[in-house]
Protein chains: 2
Amino acid sequence: MMPRFRDFTTTELRFVSSFKTGELVAEPGASILSQGSNSAHLFTVLSGWAFRYKTLSDGRRQILNYMLPGDLIGLQGSLMGELEHAVEALTPLVLCVFQRDRLHELYRNHPGLGYDVTWLAAREERMLDEHLLSLGRRSALERAAYLVAFLYRRGESVGLGKGGRIEVPLTQQHVADTLGLSIVHTNKTLRKLANLNLLRWHDRSCEVLDAEGLRSVAKWEEPEERRRPLI
Amino acid sequence: MMPRFRDFTTTELRFVSSFKTGELVAEPGASILSQGSNSAHLFTVLSGWAFRYKTLSDGRRQILNYMLPGDLIGLQGSLMGELEHAVEALTPLVLCVFQRDRLHELYRNHPGLGYDVTWLAAREERMLDEHLLSLGRRSALERAAYLVAFLYRRGESVGLGKGGRIEVPLTQQHVADTLGLSIVHTNKTLRKLANLNLLRWHDRSCEVLDAEGLRSVAKWEEPEERRRPLI
DNA sequence: CGGCCCATTGATACCTATCAAGGACCGTGG
DNA sequence: CCACGGTCCTTGATAGGTATCAATGGGCCG
């Protein structure tokens, strides 16, 4: 029986699905999938951080969300034929590779897993909803606080908090492209949060000092993370 | 056999699923679901327009997306127990009601339908991705052009174009809350688009004069709508 | 050492929010 | 009938938040 609705551990993931066809390792900055691609594969993150983004024709980039261990990569492409966003590694990344044309088969033979895939899609949707609220209605300071608190929470929920400290692996350019701000203003905004003793910025990572304070600045009412399925 | 992957007609929908438990009719402005609710129901739109939104504690509102015939309402709540957004009717609305606790059953007995639910979730995700790009990286004028072109496209794709003309049923307050702009600036921005002969604004609706022109202003590269499943 | 990426900071310009006011329309009640 | 309040749309003036421009320092690597 496949493990499901259990606490997450990276090592377990490697044995989860009979649909696995291989493993893939990528370096930071590596492009995993590109916009408009018609990849034959669907991935699950085994370890590392990645992000997905879209760009306008003139190059403006918007980061849509981040992927951590347990997240699916490329589901949209698998279901609809063509991916409308690109995916890039933020840290060294280990992926589990599935063949997307066997997705139908998965639904037929493992309805529980099919349900779990939908669960993950609904969870992604919920995150995007909150990001939209951020971009549309939060100020720059609130947005930055939300993003850092959000990423901290995500890291924590997959057990990345070694001794309570999590280093979120980002550059300020990533933050800017996530928040829809210029890089200069992003810098000034992060500095304000640092001066409030809510976070500390390192070379290419962010250390959270006060998650509750960040959530408060962001006015973020975080939904409790329910038991999650394991794909 | 249930109809699937076919062209959409409203009347067909009424017979689609054995999981249907009733029908619901709502008036414009009516609240269908509210933030934090734990509704026992899942809906499909049979006719009319609705939208879903989130609010910050101080009242700032962000509209997340719009629902048209064929769209699901409340999937997040069905899968994760609690809905993190509210839903409101924009026009007179007819909904088909399902019982959410039978969703597992649906996946078990009708894997094809389960697949279709996931397809719809992935499609919603794709729309949210584009909205995020809009809020993060498009100017006010581009955003407004994108929104109108987007809603026009959606209406068209479910056959609302009577004689080529579609009236999108919105107030400028809705537009403002979708684009993350103030209502005053929204008004001035829509006026610019009207002066460019791209649209005409009526009392509480928007008429599209030049969909291609709007897409061009927005720099929106619209993905082709594939054959969609019918729930 | 030079080149490059990343973070930082000040000055200025521009886009959007806020404030204020008014017109059009529509239902309601005097 | 008309006055009244409400919602929606419109417009001008001013304030404020964010973008852009310019320049610097630190770290890393060829």
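Naming: A, B, ... by sequence-line order, numbering from 1 per chain.
- In this structure A:Arg137 satisfies the salt bridge (Lys or Arg N to Asp or Glu O under 4.0 Å) test together with B:Asp177, sequence neighbours excluded.
- Every ring-ring contact (aromatic ring centres under 6.0 Å, His included) that B:His131 has, sequence neighbours left out, goes to B:Tyr146, B:Phe150.
- For the pair A:Arg61 and A:Gln173, the minimum side-chain heavy-atom distance is below 4.5 Å.
- Here A:Asp58 pairs with A:Arg60 under the salt bridge (Lys or Arg N to Asp or Glu O under 4.0 Å) rule; sequence neighbours left out.
- Taking each heavy atom of B:Leu46 and B:Pro69 in turn, the nearest pair found is O-CB, 3.6 Å.
- Taking a heavy-atom distance under 4.0 Å as the criterion, the stretch of DNA chain C touched by chain B extends 5' to 3' from C:dT16 to C:dC19.
- Within residues 49-57 of chain B, no residue approaches DNA chain D, by heavy-atom distance under 4.0 Å.
- Comparing A:Lys188 and B:Ala140 along DNA chain C, the residue whose closest nucleotide (by nearest heavy atom) sits nearer the 5' end is A:Lys188.
- Listed by first and then second residue, the ring-ring contact (aromatic ring centres under 6.0 Å, His included) pairs involving residues 54-81 of chain B amount to none (not counting sequence neighbours).
- Distance OG/A:Ser78 to CD1/A:Ile73: 11.0 Å, rounded to 0.5 Å.
- Taking the side chain to side chain donor-acceptor pair (under 3.5 Å) definition, one finds that B:Ser139 meets it with B:Glu142, sequence neighbours left out.
- Within residues 176-187 of chain B, the residues approached by DNA chain D to less than 4.0 Å at the level of any non-hydrogen atom are B:Val184, B:Asn187, in residue-number order.
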Side-chain donor-acceptor pairs of residues 79-94 of chain B under 3.5 Å, sequence neighbours excluded:
{"from": "B:His85", "atom 1": "ND1", "to": "B:Arg52", "atom 2": "NH1", "distance (Å)": "3.1"}
{"from": "B:Thr91", "atom 1": "OG1", "to": "B:Trp49", "atom 2": "N", "distance (Å)": "2.8"}

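- Sorted by first then second residue, the side-chain hydrogen bond (donor to acceptor under 3.5 Å, both in side chains) pairs that include residues 184-196 of chain B, not counting sequence neighbours, are B:Gln172-B:Asn187.
- For A:Ser139 and A:Asp203, each mapped to the nucleotide of DNA chain D holding its nearest heavy atom, the one lying further toward the 5' end belongs to A:Ser139.
- When every heavy atom of B:Val217 is checked against every heavy atom of B:Ala145, the shortest pair comes out as CG1-CB, 3.8 Å.
- Judged as a ring-ring contact (aromatic ring centres under 6.0 Å, His included), and not counting sequence neighbours, the contacts of B:Phe51 are B:Tyr53, B:His174.
- Here the CD-SG distance, from A:Glu23 to A:Cys96, works out to 6.5 Å after rounding to the nearest 0.5 Å.
- Heavy-atom contacts of chain B under 4.0 Å fall on DNA chain D between two terminal nucleotides, which in 5' to 3' order are D:dC8 to D:dA13.
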